[in-house]
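One structure is given below, encoded as structure tokens.
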Amino acid sequence: MTRVFSGIKPTGHLTLGNYLGAMRQWAAVDQHQADAVFCIVDLHGMTVDHDPARLRRLTRQGATLLLAAGLDPELCTVFVQSHVDEHARLSYVLECVATDGEMRRMIQYKEKAAGERARGGSVRLSLLTYPVLMAADILAYGADEVPVGDDQAQHVELARDLAVRFNQRYGHTFVVPKATLPRVAARVMNLQEPTSKMGKSDDSGPGIVYLLDEPDVVRKKVMRAVTDSGREVVYDREGRPGVTNLLEILAACTGGNPESLADVHQSYGALKKDTAEAVVEVLRPVQARHKELCADPGYVEEVLRHGAEKARAMARPTVDTAYRAIGLLPPVAEPALNAAR
Ligand code: AQP
């Protein structure tokens with residue numbers, strides 16, 4: 001059976017981009033068709049300045065939202081990255097296979113490091129190395145497929161490169177994974193800056209629809225979305241990024257096709273109204289389930305405890321194999337130690 005792995009980092013409240021670009025596909029398709037493993041990647045949440053209490057809160061909220069979005073622990077494995085040591089164990093080994101040059105070419109690193117510097121902050125080393133940790137996340141589970149939005153495709157490409165390089169140098173150890181992208185909404189754009197991705201840690205609140213936004217807040221944000229000069233509703237990523245973003249969101253929410261939806265909308269106002277309502281309807285069941293789960297925190301904790309146990313058992317053999325293959329001496333087991341004395 002195909003093994004699928006993906007994760008989400010608790011750097012902010014989850015957004016419509018996270019949902020349409022990733023989570024929805026995990027719940028609707030991946031967990032039913034594959035041996036699926038999903039993770040709140042909290043270690044990735046420390047690559048920029050962070051507040052420990054907020055990280056803990058967002059990790060719990062992220063896990064709850066994954067379940068609210070439809071992940072079913074009977075069908076898939078859901079856990080928190082830092083609860084499974086194999087991720088960090090493997091990450092260091094892969095750092096010994098990756099190069100400084102390839103890390104510095106990562107687009108997210110360039111963008112986020114530039115942002116940190118512009119704010120007068122320093123750039124954490126982990127921001128540079130986190131794609132290697134992400135490669136470890138994927139390779140430890142022998143994932144064949146990694147369903148992600150297209151901003152993460154380059155990082156999955158790196159995981160592929162590291163797997164191939166490791167296998168060539170030290171013997172076949174890792175499955176070589178590939179990214180799978182959603183048909184539409186692979187990159188939901190910020191409603192106020194439609195040439196930038198809608199990212200959960202962006203400063204531009206009005207341009208971001210959060211999964212837990214109240215319906216009226218969602219409507220307001222969508223109705224105030226920046227559109228383009230011109231009046232015709234046209235699907236054109238380059239020339240009409242604002243309108244195209246709305247068409248993509250509407251298509252993703254209704255299962256339609258963005259080009260056909262352009263043909264049936266005569267004005268920007270009508271398009272915004274339909275998009276706002278479609279988003280409200282898509283978020284409604286997620287919000288309702290989230291509320292129920294918040295009333296039962298013991299259930300969420302138990303899912304995460306059991307998920308971590310399952311994840312550990314899946315990852316450990318591959319990570320142990322990698323340790324042996326790269327030349328690390330295995331620890332001597334207790335009974336053998338005693339016998340040698
Ligand atoms: N705007 C987006 N459109 C489509 N997919 C998206 N994803 C994120 N934003 C969009 C997808 O969601 C999954 C989880 O992403 P992540 O939380 O691990 O990190 P990210 O890609 O860096 O997302 P953010 O929200 O932009 O976080 P920050 O602001 O902290 O960097 C991934 O599959 C991602 O592709």
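In this text, all values refer to a predicted model and were calculated from it rather than measured experimentally. Order of listing sets the numbers, starting from 1, for every ligand and every atom in it. Note that the numbering runs from 1 along the sequence shown for the chain.
- Annotation: ligand 1 has protein neighbours Gly7, Ile8, Lys9, Thr11, Gly17, Asn18, Gly21, Ala22, Gln108, Lys112, Val148, Gly149, Asp151, Gln152, Ala185, Ala186, Arg187, Val188, Lys197, Met198, Gly199, Lys200, Ser201, each with a heavy atom less than 4.0 angstrom from the ligand.
- Side-chain atoms of Gln31 and Asp72 include no donor-acceptor pair closer than 3.5 Å.
- A salt bridge links Arg89 to Asp320: one of the charged nitrogens lies within less than 4.0 Å of a carboxylate oxygen.
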Original post:
How far apart are the C-alpha atoms of His87 and Tyr92, what are their side-chain angles, what is the distance that settles it, and do they pass the ring-ring contact (aromatic ring centres under 6.0 Å, His included) test?
Top reply: CA-CA 9 Å; His87 297 247; Tyr92 181 76; over 10 Å; no
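- Electrostatic pairing of Arg305 and Glu301 does not count as a salt bridge here, judged by no charged N lying under 4.0 Å from a carboxylate O.
- One finds a salt bridge joining Glu145 and Lys178 here, because a Lys/Arg side-chain nitrogen approaches an Asp/Glu carboxylate oxygen to under 4.0 Å.
- Counting heavy atoms from C-beta outward, Leu246 and Leu191 have side chains that approach closer than 4.5 Å.
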